[in-house]
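As structure tokens, the structure follows; a few thoughts come after it.
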There are 2 protein chains.
Amino acid sequence: MDDAHEISARDRFERLHREIRTRICLLDYAPGTRLSEADLAAEFGVSRTPLRRVLARLEGEGLLHSVQGVGTFVTDAGIEALEQTYRLRLELAGLVVRLDPVMPDAATLAGLEALAGPTRRLREAPDPRAFAALNMEFFHLMLGLIGNEPLREVTERMYFQTTRIWLKSVFVSRIDLRHELQIFEREIGETLDALRLGDVQAAALIQRAHLSMSFQRLRDG
Amino acid sequence: MDDAHEISARDRFERLHREIRTRICLLDYAPGTRLSEADLAAEFGVSRTPLRRVLARLEGEGLLHSVQGVGTFVTDAGIEALEQTYRLRLELAGLVVRLDPVMPDAATLAGLEALAGPTRRLREAPDPRAFAALNMEFFHLMLGLIGNEPLREVTERMYFQTTRIWLKSVFVSRIDLRHELQIFEREIGETLDALRLGDVQAAALIQRAHLSMSFQRLRDG
DNA sequence: CGGGGTGATGTTGTGCACAACATCATTCTC
DNA sequence: GAGAATGATGTTGTGCACAACATCACCCCG
């Protein structure tokens with residue numbers, strides 16, 4: 001009971017869960033990739049048993065799929081399934097304002113401002129993975145605007161379902177990374193403008209618009 | 001490879017998952033109940049290992065909560081958390097029409113008609129658990145109207161989160177069962193009328209209205 | 001008589017060995 | 001030479017023994 005150095009089983013679980021989920025979202029494990037339970041367990045210094053619990057959770061979240069005797073694979077999504085999820089995400093973004101919108105605190109605004117710099121710098125030396133990381137950080141800051149907890153959970157879930165597929169198109173250069181960075185930088189700026197005015201509704205509308213357009217570019221690209 | 005008598009590991013998992021989830025929803029395992037991994041494993045004739053996978057999934061769905069050294073408990077929800085989920089459910093019900101509403105097939109209509117009889121009969125000898133079962137069957141038939149798959153998943157998830165809490169109030173007689181049966185019977189009838197006309201929107205609106213009113217009764221009761 | 005320590009007991013968490021299963025290369029047969 | 005049987009290999013799934021942990025009753029000490 002000295003301090004936080006002691007880690008419980010739950011903490012270990014959360015840590016592994018977040019780590020692997022992040023890798024999936026950042027395309028370190030791209031859709032279709034086969035994961036090895038034994039390798040992952042060895043890497044994290046645990047046995048297969050607790051690791052399998054993490055994988056089971058990720059399977060429940062729709063990010064993995066295990067088949068006995070074959071392997072566990074990162075799920076993929078066709079354009080039709082992707083469109084369904086995108087359409088739902090659009091509607092969910094509209095619900096943010098109807099259900100307990102939250103005024104951003106100073107830390108959130110500071111976090112958004114802190115995002116602008118690295119994004120601009122990234123345009124000089126575009127890197128898909130760094131872009132993915134910034135995108136994810138931006139999204140998680142925006143999650144703070146959602147006061148309705150179930151809606152927040154669902155929104156996050158849908159984000160992880162779709163964004164990695166979208167990012168795949170950026171990685172494969174079907175979508176121009178420089179262009180996306182330019183748009184992303186503008187999205188951050190517009191969102192900041194809205195939030196500085198305390199206009200959460202405007203921020204939500206901006207996010208909706210960018211979400212819609214990003215899917216259009218994915219479709220056309 | 002003879003026929004369907006051979007059950008795969010996945011089938012076993014699905015079966016256990018559905019069975020336990022149903023028990024939770026029907027309040028065989030009421031909120032706060034402690035489940036014994038050993039007992040459940042013994043009952044289903046498997047070891048703790050595959051059972052724990054099922055429990056992990058249910059924990060991911062927000063229905064269970066495990067604490068090392070203490071036990072795994074069926075989750076409960078306060079009135080505030082419940083209201084948040086109900087408000088989200090209301091909005092989701094409104095999205096059904098915006099996102100791929102599906103015309104009910106003959107089997108669905110037949111299923112709804114088949115529900116009317118038992119419901120009316122139940123009013124003569126009210127039984128909370130039988131009511132819960134009919135309610136669940138009704139809901140699953142209505143899920144068929146949702147063409148957007150992610151929306152269907154989320155809607156189902158939110159149903160399992162809230163309905164069991166609502167049913168708890170019926171079990172404890174904080175809500176009058178006879179009255180609820182009367183209302184439920186009317187809801188089925190109204191829904192059938194709308195669906196026979198092919199008016200999915202009307203059916204969705206009816207469901208929204210009843211959802212809203214049921215929460216009001218829970219709040220006031 | 002009160003309070004803290006301490007062990008018994010029961011729970012979930014972990015590690016490991018093996019079973020079930022799928023896949024692929026090899027070999028045997030025709 | 002072609003195709004089917006078969007074994008080797010690697011994967012996830014299962015069972016079991018034990019560790020880690022929380023709780024509570026009990027006892028010892030003051």
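So you know, we letter chains A, B, ... as the sequences are listed, proteins then strands, and number each from 1.
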Could you identify which residues of residues 45-54 of chain B place a heavy atom less than 4.0 Å from some atom of DNA chain C, listed by residue number, or say none? B:Arg48, B:Arg52
Are more than 12 heavy atoms from other residues, nucleotides or ligands located less than 6.0 Å from atom CZ of B:Arg123? yes
Contact residues, residues 35-43 of chain A to DNA chain D [heavy atom, < 4.0 Å]: A:Leu35, A:Glu37
Length of the CZ-C1' vector between A:Arg10 and C:dT14, whole Å: 16 Å
Which residues within residues 12-19 of chain B lie with some heavy atom under 4.0 Å of an atom in DNA chain C? none
What is the bend of the helix from C:dC1-D:dG30 to C:dC30-D:dG1 when you compare the axis at one end with the axis at the other, using five pairs each and rounding to 10°? 20°
Do other residues, nucleotides or ligands put more than 12 heavy atoms under 6.0 Å from A:Arg10 CZ? yes
Determine whether A:Pro150 and A:Glu153 make a side-chain contact, defined as any pair of heavy atoms from C-beta on separated by less than 4.5 Å. no
N/O donor-acceptor pair under 3.5 Å between A:Thr191 side chain and A:Glu187 backbone: yes
Do side-chain atoms of B:Glu37 reach the backbone of B:Arg48 as a donor and acceptor pair under 3.5 angstrom? no
Judged by atom type as modelled, is there a donor-acceptor pair below 3.5 Å linking the side chain of B:Arg164 to the main-chain atoms of B:Phe160? yes
Just to verify, what does A:Arg98 make a salt bridge (Lys or Arg N to Asp or Glu O under 4.0 Å) with, not counting sequence neighbours? B:Glu91
Salt-bridged, A:Glu19 to A:Arg23, with N to O below 4.0 Å? yes
Any side-chain heavy atom of B:Ile24 within less than 4.5 Å of one from B:Leu64? yes
B:Asn148 side chain vs A:Gln84 backbone, donor-acceptor pair below 3.5 Å: yes
Search all heavy atoms of A:Leu88 against all heavy atoms of B:Leu151 and return the closest pair with its distance. CD2-N, 3.6 Å
Please work out whether the ring planes of A:Tyr159 and A:Phe139 are parallel, tilted or perpendicular, with thresholds of 30° and 60°. parallel
Rounded to the nearest 0.5 Å, what separates atom CE in A:Met213 from atom CG in A:Leu211? 9.5 Å
On a heavy-atom basis, which atom in B:Leu92 and which in B:Val154 lie closest, and how many Å separate them? CD1-CG1, 3.6 Å
Counting distance only, does the side-chain N/O of B:Thr72 pair as donor-acceptor with the main-chain N or O of B:His65 below 3.5 Å? no
Please state how far atom CZ in B:Arg57 lies from atom C1' in D:dG13, giving the value in whole angstrom units. 15 Å
Looking at residues 64-73 of chain A, who's got a heavy atom less than 4.0 Å off DNA chain C? A:Gln68, A:Gly69, A:Val70
